[in-house]
Amino acid sequence: MQLGSVLKQIIKDKKKLVEESKNKVSLQELKIKTTEISKPIDFKNIFDSNEISLIAEIKRSSASAGDILPELDLSNITNTYIEGGVSAISILTEKTRFGGSLSDLKEVASICKKNNVPVLQKDFIFDVYQIYEGALNGASAALIIVSILDEKELNQLIKTCKDLSITPLVEIFNEYELHLALNNGADVIGINNRNLNNLETSLKVFEELSPMVPKDKILISESGIKTIEDVELMSKQGADGVLVGESILKSKNINDHIKKLSNVKKCK
């Protein structure tokens with residue numbers, strides 16, 4: 001995928017931040033620190049259920065929607081999600097457009113660990129350094145976006161995740177990216193219904209690509225899912241899980257909305 005101007009700028013900003021972090025703490029230092037932490041909660045276990053797994057997202061803002069909940073209380077929202085019965089929590093750690101940070105990941109993961117709920121680190125990841133940062137701050141899974149990587153980077157990131165017992169959720173948007181993901185060892189495939197370049201969203205993206213995904217892979221639908229009808233549609237198209245953020249965060253009754261979205265049977 002040819003990267004659009006917004007996505008190019010996000011990645012440019014992110015690369016600068018990663019280099020700043022490397023100047024403070026080297027990759028080798030991070031590697032040593034990861035030998036001292038416990039194994040993360042197994043993200044894949046959430047898909048053993050007969051129901052569609054709900055990965056509920058926490059973010060203050062987004063490139064597509066602008067401010068969502070800029071003053072959100074992380075502890076409060078995390079506990080609300082857990083009480084509502086989410087399968088896992090996704091937390092944005094991208095700073096420039098989403099208002100996130102690694103400290104957000106650490107805070108959410110510390111609460112989730114007590115409740116055996118895995119946490120997905122959602123960011124623009126292109127360097128193994130970021131995977132080690134995620135591991136040290138409690139990530140059980142990491143989002144790996146195929147469109148922003150070359151094949152060597154993709155392979156290296158997937159391998160590093162697996163070496164650290166972190167599940168790589170490999171995100172694709174078209175058939176070519178699906179083949180790259182499968183050829184480089186992806187077990188959990190996320191189909192993003194949002195075009196990251198023009199931010200247009202359509203559930204038809206999932207409908208078109210899901211039949212191409214091997215049945216033995218775990219399949220997640222991301223973006224544009226708002227209602228129980230949307231989740232049912234994704235289930236019929238072969239989804240094992242859905243990643244939902246905006247509609248939950250903007251709901252007047254978050255707990256009730258989560259329970260509705262979590263109560264859809266798999267069709268696989």
Looking only at side-chain N and O atoms, does Asn184 offer a donor or acceptor that is under 3.5 Å from a partner on Glu151? yes

Using 4.0 Å as the upper bound for N to carboxylate O, is an ion pair formed by Glu19 and Lys22? yes

Test item: side-chain donor near acceptor, Thr96 and Glu94, under 3.5 Å: yes

Do Glu83 and Thr80 pair up side chain to side chain, a donor and an acceptor below 3.5 Å, judged on atom types alone? no

Between Ile225 and Val244, which heavy-atom pair has the shortest distance, and what is it? O-CG1, 3.3 Å

Distance to the ring centre below 6.0 angstrom and angle to the axis at most 45 degrees; does that hold for Lys15 and Phe126? yes

Step by step, would you call Ile91 with Thr78 a side-chain contact (heavy atoms from CB on, under 4.5 Å)? CA-CA 10 Å; Ile91 177 72; Thr78 301; over 6 Å; no

Check: Ser223/Asn192 side-chain N/O donor and acceptor closer than 3.5 Å: yes

Does a donor on one side chain sit under 3.5 Å from an acceptor on the other, for Lys106 and Ser101? no

Between Lys162 and Asp187, does any NZ, NE, NH1 or NH2 come within less than 4.0 Å of an OD or OE carboxylate oxygen? yes

Co-membership, hydrophobic cluster, residues Phe206 and Ile228, 4.5 Å side-chain: yes

Rounded distance (nearest 0.5 Å) linking atom OG of Ser87 with atom CD1 of Ile258: 10.5 Å

Result of checking Asp240, Ile220, Ile52, Leu203 against Met234 for side chain to side chain contact (heavy atoms under 4.5 Å, CB included): Leu203

State whether Arg97 and Asp13 are salt-bridged, where the test is any N-O pair (Lys NZ or Arg NE/NH1/NH2 against Asp/Glu carboxylate O) under 4.0 Å. no

Would a distance-only check, ignoring hydrogens and angles, find a side-chain to backbone donor-acceptor pair under 3.5 Å from Asp104 to Gly100? no

Gap separating the CD1 atom of Ile145 from the CD1 atom of Ile11, nearest 0.5 angstrom: 7.5 Å

Atom NZ of Lys114 and atom CD1 of Ile82: how far apart are they, to the nearest 0.5 Å? 9.5 Å

Look at the side-chain heavy atoms of Ile, Leu, Val, Met, Phe, Trp and Tyr, link any pair under 4.5 Å apart, and say whether Met212 and Val170 land in one connected group. yes

Output, in order, the C-alpha distance, side-chain angles, deciding distance and verdict of side-chain hydrogen bond (donor to acceptor under 3.5 Å, both in side chains) for Ser26 and Glu29. CA-CA 5 Å; Ser26 70; Glu29 288 176 272; 3.2 Å; yes

Between Glu200 and Arg194 (salt bridge meaning N to carboxylate O under 4.0 Å), is one present in this structure? no

Would you sort out whether Lys122 and Glu57 count as a salt bridge (charged side-chain N to carboxylate O under 4.0 Å, His left out), showing the intermediate values? CA-CA 9 Å; Lys122 200 173 178 194; Glu57 190 155 274; 3.1 Å; yes

Under a 3.5 Å threshold, yes or no: a donor from one side chain and an acceptor from the other, between Asn155 and Lys159? no

